[in-house]
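Residue indices begin at 1 and follow the sequence shown.
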Amino acid sequence: MAAAPTLLAHGVGGRQDLPITLSQLVVAAALTLVVTFLALGLLWREPRLDRDATGGRPVPEWLARLVDAPTFRWVLRVLGLLAAAWFCLGLLGGPDTADNPTAGALYVLLWVGLAPLSLLLGPVWRAVNPLRTVHLLAALAARRDPRRGLRQLPAGVGWWPAAATLFGFVWLELVAPDRATLPVITAWLAAYAVVMLAGATVFGAGWFDHADPFETYSALIGQLAPVGRAADGVLVWRNPLDGIAGLRPRPGLVAVVTVLLGSTMYDSLSNAPGWLRFSQENGLHPAVTGSAGLTLVVAAVAVAYVAATGAAARIGHDPTAARGVPGEIAHSIVPIAVGYVVAHYYSLLILEGQRTVVLLSDPLGTGANWLGTAGWEPHTGLVTPSGVATLQITVIILGHLLGTLLAHDRALYLFPRARAVAGQLPLLALMVAYTVAGLLLLYAG
């Protein structure tokens, strides 16, 4: 069988497409963060964001009734099952060639497409997750409460399982040999399904909330959506910053956000000429080099984050809470990670996403046109080198600005007012370091 080719490069822009030189960009981005920090210290003296998720304006009653209606929820579940069944046609019965839509559907439409959908609508994958629906139907058939398993999930588990499965997926996406071929994708998805369904059998449906990488990814980004749930469950329009400020600390949260951010940084590193030469010349199998590189980059992001938040706690005169500060500040990393996701994958979503939609009309490779999309011509007007480069600069800097703002507001909660600004200096240094490293990795190649 012919191996499916590697998907398109994640970015179209490059160093030659920047409106200013790379060194000027890095200096300007760092200065922007410093100026923003100083302005916040002078003008934002009291916490303003709703960390308890009690605010927001209720959505129209008809919309709330629709979203909360059991029929609507079942429609979403059925759509998720149908999409999964269509995906499996190509996965299990399609040719292992470039014309198979499976790799594009998994890596582009699902993984990349889930980010903008969640950013607009909230944690959408929870509503359509086919494995959650399969578990629900099995529980109903057995006349058991799907929320109850054979034993109770330990309280300290938190998002640690999700951190592990999320790392497993980014390893598949960025490192695994032949990752665009059907046998590799099938093996990973089979293991994923076994872990999810076995865990749900043992611990109940709550296992998906703690372990599913796609649900966790969607839930994190969904905290920035303009629509969400207030503390009493009411569906509300909200300030997206209030939404992300309501992300409460839990075990494993720091691991999840650092895996998400670190994996995108490794993605840039893996495309740099220096890294490519090292991978080819060190004598090790590329998967070994890639696995070590991915692990080290994620670990470096995590160590820098924990060190900065620990220093912030000490400077802020709250050394007793030093262990809790990383979790309290973790929400500030989410817009940074979202910025990198958009910067890395925008062109991939537009170009390869359209190609995948075309191929999905014939997942078995028989020449059929079941969805009516086989004749589509991909539109490239939204992807130009200069346009993508400008977008990348904008979203990366915007993500760090929002992260700085969120960290500042949370510091006003955590530290005495007299020490709150000083306590943020390590966090500012962290934001500047992340920004400089991210821009250098993205454009230095």
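- Here the side chains of Leu401 and Phe37 are not in contact, with every heavy-atom distance at 4.5 Å or above.
- Considering only residues two or more places apart in sequence or on other chains, Arg65 meets the salt bridge (Lys or Arg N to Asp or Glu O under 4.0 Å) condition with Glu61.
- Summarising the geometry, atom CH2 belonging to Trp111 is positioned 13.0 Å from atom CG belonging to Leu348; distances are rounded to the nearest 0.5 Å.
- Not counting sequence neighbours, Asp52 has no partner by the salt bridge (Lys or Arg N to Asp or Glu O under 4.0 Å) test.
- The main-chain N or O of Val124 is found under 3.5 Å from a side-chain atom of Ser218 such that the two form a donor-acceptor pair.
- Counting heavy atoms of neighbouring residues, nucleotides and ligands inside a 6.0 Å radius, atom CZ of Arg147 does not exceed 12 of them.
- Residues satisfying the side-chain contact (heavy atoms from CB on, under 4.5 Å) test with Pro47, not counting sequence neighbours, are Asp409, Leu412, Tyr413, Arg417.
- Side-chain rings of Tyr192 and Trp188 approach one another, their centers coming within less than 6.0 Å.
- The nearest pair of heavy atoms linking Ala193 to Leu131 is CA-CD1, 3.8 Å.
- Ile185 is not listed as a side-chain neighbour of Arg179, based on a closest heavy-atom distance of 4.5 Å or more.
- Of all non-hydrogen atoms in Tyr340 and Tyr434, the two that sit nearest each other are OH-O, 2.9 Å.
- With sequence neighbours excluded, the residues forming a side-chain contact (heavy atoms from CB on, under 4.5 Å) with Ala230 are Asp232, Val236, listed by chain and number.
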In residues 156-164, what donor-acceptor pairs under 3.5 Å come from side-chain atoms, sequence neighbours left out?
from: Trp159; atom 1: NE1; to: Asp209; atom 2: O; distance (Å): 3.0

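- With contacts defined as side-chain heavy-atom distances shorter than 4.5 Å, the pair Thr165/Met196 qualifies.
- Here the side chain of Trp207 pairs no donor or acceptor atom with the backbone of Asp212 at under 3.5 angstrom.
- You'll find the side chain of Leu276 stays beyond 4.5 Å of the side chain of Ser270, heavy atoms only.
- To the nearest 0.5 Å, atom NE2 of residue His344 and atom CG of residue Asn271 are 9.0 Å apart.
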What side-chain donor-acceptor pairs closer than 3.5 Å can you find for residues 294-306, not counting sequence neighbours?
from: Thr295; atom 1: OG1; to: Ser291; atom 2: O; distance (Å): 2.8
from: Tyr305; atom 1: OH; to: Pro326; atom 2: O; distance (Å): 2.4
from: Tyr305; atom 1: OH; to: Ala330; atom 2: N; distance (Å): 2.9

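- Counting heavy atoms from C-beta outward, Leu106 and Phe169 have side chains that approach closer than 4.5 Å.
- One N or O on the side chain of Gln354 and one on the backbone of Ile350 form a donor-acceptor pair closer than 3.5 Å.
- Under the rule for a salt bridge (Lys or Arg N to Asp or Glu O under 4.0 Å), Arg45 has no partner lying at least two apart in sequence or in another chain.
- In summary, Arg73 and Asp68 engage in a salt bridge, as defined by a charged side-chain N under 4.0 Å from a carboxylate O.
- Taking the side chain as every heavy atom from C-beta outward, Leu351 and Pro378 never approach each other to under 4.5 Å.
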### Message
As a quick check of understanding, evaluate side-chain contact (heavy atoms from CB on, under 4.5 Å) for Met431 and Ser332, giving each step before the final call.
### Response
CA-CA 10 Å; Met431 297 295 179; Ser332 66; 3.9 Å; yes
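- Residues that satisfy the side-chain contact (heavy atoms from CB on, under 4.5 Å) test with Ala115, not counting sequence neighbours, are Tyr217, Ile221, Val341.
- The line from OG1 of Thr102 to OH of Tyr107 is 10.5 Å long, rounded to the nearest 0.5 Å.
- The structure places CG of Leu40 at 10.5 Å from CG of Leu33, a figure rounded to the nearest 0.5 Å.
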### Query
Can you check side-chain contact (heavy atoms from CB on, under 4.5 Å) on Phe167 and Thr258, steps first, answer last?
CA-CA 10 Å; Phe167 185 88; Thr258 54; over 6 Å; no
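- Between Tyr266 and Trp171 the shortest side-chain heavy-atom distance does not fall below 4.5 Å.
- Applying the side-chain contact (heavy atoms from CB on, under 4.5 Å) rule to Ala287 yields the partners Pro177, His285; only residues at least two apart in sequence or on another chain are considered.
- Here Leu441 contributes atom CG and Leu269 contributes atom CG; the two are 6.0 Å apart, rounded to the nearest 0.5 Å.
- Judged by distance alone, the side chain of Trp125 and the main-chain N or O of Ala219 form no donor-acceptor pair under 3.5 Å.
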Name every donor-acceptor pair, under 3.5 Å, that has one atom in a side chain of residues 243-252 and the other anywhere in the protein, sequence neighbours excluded.
none

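- Between Val170 and Val175 the shortest side-chain heavy-atom distance does not fall below 4.5 Å.
- Judged by distance alone, with hydrogens and angles left aside, the side-chain atoms of Thr384 form a donor-acceptor pair with the main-chain N or O of Gly387 at under 3.5 Å.
- Under the rule for a salt bridge (Lys or Arg N to Asp or Glu O under 4.0 Å), the partners of Arg51 that lie at least two apart in sequence or sit in another chain are Glu328.
- Applying the side-chain hydrogen bond (donor to acceptor under 3.5 Å, both in side chains) test to residues at least two apart or on different chains, the pairs with a partner in residues 396-406 are His400-Thr435.
- Of the inter-residue distances, the one linking Leu260 atom CG with Ile336 atom CD1 reads 11.0 Å to the nearest 0.5 angstrom.
- Just one residue in the list Glu215, Arg77, His135 forms a side chain to side chain donor-acceptor pair (under 3.5 Å) with Asn129, and that residue is Glu215.
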